[in-house]
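Below is one structure, written out as structure tokens; comments come after it.
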Amino acid sequence: MLFNSLTFVVFFTLVTGLYWAIRSWNARKNLLLAASYVFYGAWNPPFALLLFATTAMDFALGAQIARVSAPVPRRIWVTLSVLVNLSMLGFFKYGNFLLENFQWLLARAGITYQPPHLDLFLPIGISFYTFHSLSYTLDVYRRTCEPTKSLRDFMLAVSFFPQLVAGPIVRAADFLPQCNQPPVLRRNQFQWGLFLMTLGLFQKVVLADTFLAPVSDSVFGHPAPVLTLDAWIGVVAFSGQIFFDFSGYSTCAIGAALCLGFHLKDNFLFPFASVGFSDFWKRWHISLSTFLRDYLYIPLGGNRVGAARAALNLILVMFIGGLWHGAAWTFVVWGLLHGVFLVAEHFLRSATKGAAWKELVPVEILLCGITYFFVCLAWVFFRAPNFQSAGMLLGAMAGQIPVGQAILSGREILLVILITVALWGAHWKLRHSSLETALTATPSWGLALVWTLMLGAILLTQGSGNAFIYFQF
Amino acid sequence: MHSSTSNSEFQRPIPSRPWNTLLLLTLALAVIGLVAWEIRARTWGYAPGLNDTSDLWADRREAVKPDSIVLLGDSRPLFDLDLNALEQGLGKRPVQLSLAGTCAYPILDELSRDESFRGTVILGLIPAIWFVPPAAPPYQNGVKALKRYQTRNLSQRAGHHLGMLLEEKLAFMKQEDLVLPELARKIPVPNRANSYLPPELPPYFQTIDRERRTRMADQCARPGPLQDRVKTGWIPLFTPPKFPDYTPKEVLEGIGKQVEARFGDTVAAVNRIRARGGRVVFVRFPVSGELRDLEEKLTPRAGPWTRLMKETGAPNIYYSDHPELIFDCPEWSHLSGPDSEEFTKRLVPHLKRALNAVPEPRG
């Protein structure tokens, strides 16, 4: 079920109405759990069984890890949880990719092997719910989370419908304590949740789908070379599209959860105002970057193991981050590029440590622009269907392709520039602040007008939008 | 106990604003805005009615039974064939699967591979559209509709039925014209010289019901600005895109091969249907004015049409062979509502003859 669908409007109204009408906290949790499985099963009912299997296995393994105190069995149980979770993810998401690469490797060795094509459907949101579930056994192992005795509560933590299919990646340690007592709606919490849902949908269906997606789709899908201007506008449009698409989903999820009394953390913090790549990853898909940091980078030794090893760790983490996004080498290159950017930035920061000029606003703006430039270069690999297409587009962006077509209309170019400048301006203004602070200072009439315009624009799109990009991950 | 980033006590801040008042004010303004927009849409001549979505098409595809009469093709069989007249003439109510601006080959192919289907296909064919390469939008329209039919889930079905309830009540819900992306297209910004831009699609000029019976809007059937706008849109839309000078020879050759392959693929699809006892009849629908001249210039009758009819050996009806089937299309491409009824009545005897010319379905 998509947030931007009439079905969801009816579903959410019914579930929320019923939820607050019920007095018993247990009954309410049962309702939320049933609603979450209906929400997920509406895509493909059998996949709900897979979701349940993952959840039940981690619940049982979490209990095993907590039950024993000796390090070796604890390590065995947690390793089993990691292996089974990653195997399921690997089978459904990377099965064909691995087979194709195996075939390629054998062919290099002169062995002809025709693997069977696995006719696999990718269970929607598997990358997200696997991480929701896995975080539990890892945290129980690290003794940073109490194991829960309630399978129902854990199932709800993994499958809670606002964040189930496209994040944010909510750790069980953050969610389970909220299941202990019935939430008390603070004053205005429900209305604020509705505002956030409107804002998220506006980002998704109006800015991403209506204005930016057609431009990036035209440029990335064009079979022939395009002009330098068109190439740049296409890439800039995609950078805005993916932000509004994913941030829009996260904002909707946070808003929907608030309406039900649950609190989810921010997944994006004005990333277009990032000064440097480490800053970018503190602002972009925060729930994934912190997950990789806490469960991979730090256990690998983090930055406590010498400069060379730390750099290698960083690149390895970003390699896995890239692969998490999709079973294709283009995603791997995207991740590796970010790894290289982070390492380069680390050395530059060390070389210029203590320099006061770095804090000057014009320098920060320049560094922000440079960061954006390299982030855009990396997006080319993320969005392009293959390396040939990515190479052609990068060539066009660099003005190295002598022939090319003007495929974008004047209106499309103007809208992408206006939206991007507005986005940059808003992020720069709010980079040390928050949306909540900014809105507190906004006059009521202005806020009502903005809310109405967002709602009106959503209604005018009449459900003509696409699925969220991150559903496929 | 918490992980390094976990905090079970975390509570989202809520901006200190009068949210109750804001919510009520927003809802009131939104309702006022929507009522005003609905009134404006009606004064422009729009009336409540369905959009021809992939879901509506998928509903009809699901309605196909083993012995159904299926109407297939582009917008001409969609506009020009009247379901009541066909039912009266052929004794069975047909299922309308034609799609505007669409090469129906992928749909014919899918139907031919449906082992349960052994019915009748009345296939409207414009050679300029039928022989487009698979990457072209008319081909992809058919692929998109099929994909929806094959993969739509419970949530999409429910959304579609809820959407139809609203569309049948509200005039502003017109996906061709009154959605935000279409309204944004009206922003007047000049294009660069030599831009390679797709031609604009025609505006909303028809009504459609749940059976996908489509009728030209009255404003389009009579001379006026809407008719002129639709009419002038056909020439750029039917003119094949120019390939840049530097397009590699292999690319052009590849497209040529794809067009050539369509002959063989069509024959194979027709034969698969026939092998199960089904029947296929090709129909060329009326076309008028400059569009008729352009189609004849691009794809002369003696060219792809004649060759395809010969290779398939299927019965066919070419409107201009029969004086009673020559109608004037108000906007050059389709018949008005009343004319579509009359045209269908006159077509029925030809269809009966053509269908009797091929073997009866095997039981």
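A note on names: the letters A, B, ... follow the listed sequences, proteins ahead of strands, and every chain is numbered from 1. Computed from heavy atoms alone, side chains included, the values below leave out hydrogens, waters and symmetry copies.
- In this pair, Phe3(A) and Phe39(A) present their aromatic rings tilted. The plane angle is within the 30 to 60° band.
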- Item | Derivation and outcome, salt bridge (charged side-chain N to carboxylate O under 4.0 Å, His left out), residues Lys174(B) and Glu182(B) | CA-CA 10 Å; Lys174(B) 292 285 168 291; Glu182(B) 295 307 316; over 6 Å; no
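- Most heavy-atom pairs under 4.5 Å with chain B, from the set Leu449(A), Thr198(A), Ile413(A), Asp230(A): that is Asp230(A).
- The most heavy-atom pairs under 4.5 Å with chain B, out of Gly193(A), Gly456(A), Pro45(A), Ser444(A), come from Ser444(A).
- Chain B forms the most heavy-atom pairs under 4.5 Å with one residue out of Gln189(A), Arg187(A), Gln191(A), and that residue is Gln191(A).
- Heavy atoms of Leu414(A) lying under 4.5 Å from chain B belong exclusively to its side chain.
- Classification of Glu253(B) and Lys257(B) as a salt-bridged pair fails, no side-chain N sitting under 4.0 Å from a carboxylate O.
- A salt bridge links Lys265(A) with Asp174(A): the closest approach of a Lys/Arg side-chain nitrogen to an acidic carboxylate oxygen falls below 4.0 angstrom.
- Each of Leu23(B), Val189(B), Thr26(B) has some count of heavy-atom pairs under 4.5 Å with chain A, and the biggest count is that of Thr26(B).
- Neither the backbone nor the side chain of Leu176(A) comes within less than 4.5 Å of any heavy atom in chain B.
- For Leu455(A), the part sitting under 4.5 Å from any heavy atom of chain B is the side chain, from C-beta outward, and nothing else.
- The residue among Asn194(B), Asn20(B), Leu166(B), Leu25(B) with the most heavy atom pairs within less than 4.5 Å of chain A is Asn20(B).
- Your options are Leu194(A), Val9(A), Asn44(A), Leu258(A), and the one with the most heavy-atom pairs under 4.5 Å with chain B is Leu258(A).
- Using a 4.5 Å cut-off between heavy atoms, Leu138(A) does not touch chain B at all.
- Residues of residues 141-157 of chain B that come closer than 4.5 Å to chain A, counting heavy atoms only, are Asn153(B), Leu154(B), Ser155(B), ordered by residue number.
- Formation of a donor-acceptor pair under 3.5 Å by the Thr437(A) side chain with backbone atoms of Ser433(A) is not found in this model.
- Counting only distance, with no hydrogens or angles, the side chain of Arg186(A) and the backbone of Arg12(B) share a donor-acceptor pair below 3.5 Å.
- Contact annotation for Pro443(A): only backbone heavy atoms (N, CA, C, O) come within less than 4.5 Å of a heavy atom of chain B.
- For Phe195(A), the part sitting under 4.5 Å from any heavy atom of chain B is the side chain, from C-beta outward, and nothing else.
- Formation of a donor-acceptor pair under 3.5 Å by the Gln178(A) side chain with backbone atoms of Pro183(A) is not found in this model.
- A salt bridge links Asp139(A) to Arg142(A): one of the charged nitrogens lies within less than 4.0 Å of a carboxylate oxygen.
- Residue contact with chain A, scored on non-hydrogen atoms closer than 4.5 Å, involves the backbone of Pro190(B) exclusively.
- Leu264(A) touches chain B through its backbone: at least one of N, CA, C or O sits under 4.5 Å from a heavy atom, while the side chain does not.
- The one candidate from Phe11(A), Tyr37(A), Tyr40(A) that meets the ring pair (Phe, Tyr, Trp, His ring centres under 6.0 Å) condition with Phe161(A) is Phe11(A).
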- Message: Between Tyr105(B) and Val132(B), does the side chain to side chain contact (heavy atoms under 4.5 Å, CB included) criterion hold? Intermediate values first, please.
- Response: CA-CA 10 Å; Tyr105(B) 168 71; Val132(B) 293; over 6 Å; no
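- Using a cut-off of 4.0 Å between Lys/Arg side-chain N and Asp/Glu carboxylate O, Asp177(B) and Lys186(B) are scored as not salt-bridged.
- Using a 4.5 Å cut-off between heavy atoms, Pro223(A) makes no contact with chain B at all.
- Using a 4.5 Å cut-off between heavy atoms, Thr442(A) touches chain B through its backbone atoms (N, CA, C, O) alone.
- Proximity to chain B is absent for every atom of Leu435(A), based on heavy atoms less than 4.5 angstrom apart.
- For a residue to count as touching a neighbouring chain, one of its non-hydrogen atoms must lie under 4.5 Å from one of that chain's; by this rule Phe8(A) does not touch chain B.
- With a 4.5 angstrom heavy-atom cutoff, Val38(A) does not touch chain B via any of its atoms.
- At distances below 3.5 Å, not a single donor-acceptor pair connects side-chain atoms of Ser135(A) with backbone N or O atoms of Arg171(A).
- At a 4.5 Å heavy-atom cutoff, the contact between Asp266(A) and chain B is made by backbone and side-chain atoms alike.
- Salt bridge status for Glu110(B) with Arg61(B): present, with a side-chain N to carboxylate O gap under 4.0 Å.
- Contact annotation for Arg17(B): both backbone and side-chain heavy atoms come within less than 4.5 Å of a heavy atom of chain A.
- Taking CD1 from Ile255(B) and CZ from Phe131(B), the interatomic distance works out to 15.5 Å, rounded to the nearest 0.5 Å.
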